[in-house]
Amino acid sequence: MSRNKNLIQFNPDILTELSIEESHSKIRACIQCGECSAGCPSGNWTAMKTRKIMRQALVGLESVLSSNDIWLCSTCFNCYERCPRTIPVTEIILKLRNMAVREGHIPDPLKGVIKNLVQHGHAVPLGGELSTWAKLRIKMDLPPLPPTVHSYPEAMDELYTLINKIKFNGRIPYQL
Ligand code: SF4
Ligand code: SF4
């Protein structure tokens, strides 16, 4: 039977999984005061509302995992500092991201960043504007690129090991 996409879907596993970690289970004490939203720099510039994310997670709204909002958090921890119920809001958002990835919800721009990281050891590609810098560096008798991860095969090996350990293969299109 096909699922009606307009129906609101609830997933009790969201709260169950959050409750595994004692500190995360403090989300149950959220009084929806909005202090977290009021001090959120990301929320100042986007439609993301931290208070809303907490509410959605608390009631187990499935769409919180597919929403882009959880990816707009800059992990500044302002909300954590301001919450009168000492709820670790930032950590809960990070946990929601973990759940979202497991469910296959990864925003396309983020997939691109991860692909760059896996292919080059850099989240930002080493082409484009960098080629201008490369010419300048050569003029200054420097190697065209700074000696970062891509210059050290052993560091790339460690990166691949980490990615394999967290079973990221298959979720992100990349070539080793
Ligand atoms: S500040 Fe804390 S209690 Fe208030 S809405 Fe945010 S998470 Fe809930
Ligand atoms: S940690 Fe994230 S949700 Fe909390 S205030 Fe900073 S940007 Fe907003």
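The figures that follow rest on heavy atoms only: side chains count, while hydrogens, waters and symmetry mates do not. Just follow the structure's listing: the first ligand is 1, and inside any ligand the first atom is 1.
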Residue Cys30, metal atom 2 (Fe) of ligand 1, N/O/S under 2.8 Å: no
Proximity to ligand 2 by part of Ile93, non-hydrogen separation under 4.0 Å: side chain
Numbered atoms of ligand 2 (with element) below 4.0 Å of Cys76, judged on heavy atoms: 1 (S), 5 (S), 6 (Fe), 7 (S)
Any N, O or S atom of Cys79 closer than 2.8 Å to atom 4 (Fe) of ligand 2: yes
Nearest-neighbour protein heavy atom for atom 2 (Fe) of ligand 2, which is reported as residue plus atom name and distance: Cys73 SG, 2.3 Å
Ser74: numbered ligand 2 atoms lying under 4.0 Å from its heavy atoms: 2 (Fe), 7 (S)
Candidate pair Ile163 and Ile114, rule side chain to side chain contact (heavy atoms under 4.5 Å, CB included), full reasoning: CA-CA 10 Å; Ile163 284 170; Ile114 297 166; 5.7 Å; no
Under-4.0 Å heavy-atom contact with ligand 2, by part of Phe77 that carries it: backbone
Under-4.0 Å heavy-atom contact with ligand 1, by part of Thr50 that carries it: neither
Worked check of side chain to side chain contact (heavy atoms under 4.5 Å, CB included) between Lys95 and Glu21: CA-CA 10 Å; Lys95 183 71 186 176; Glu21 194 81 42; over 6 Å; no
Residue Met48 vicinity, atoms of ligand 2 by number, heavy atom under 4.0 Å: 3 (S)
Sub-4.0 Å heavy-atom contact, Gln32 with ligand 1: yes
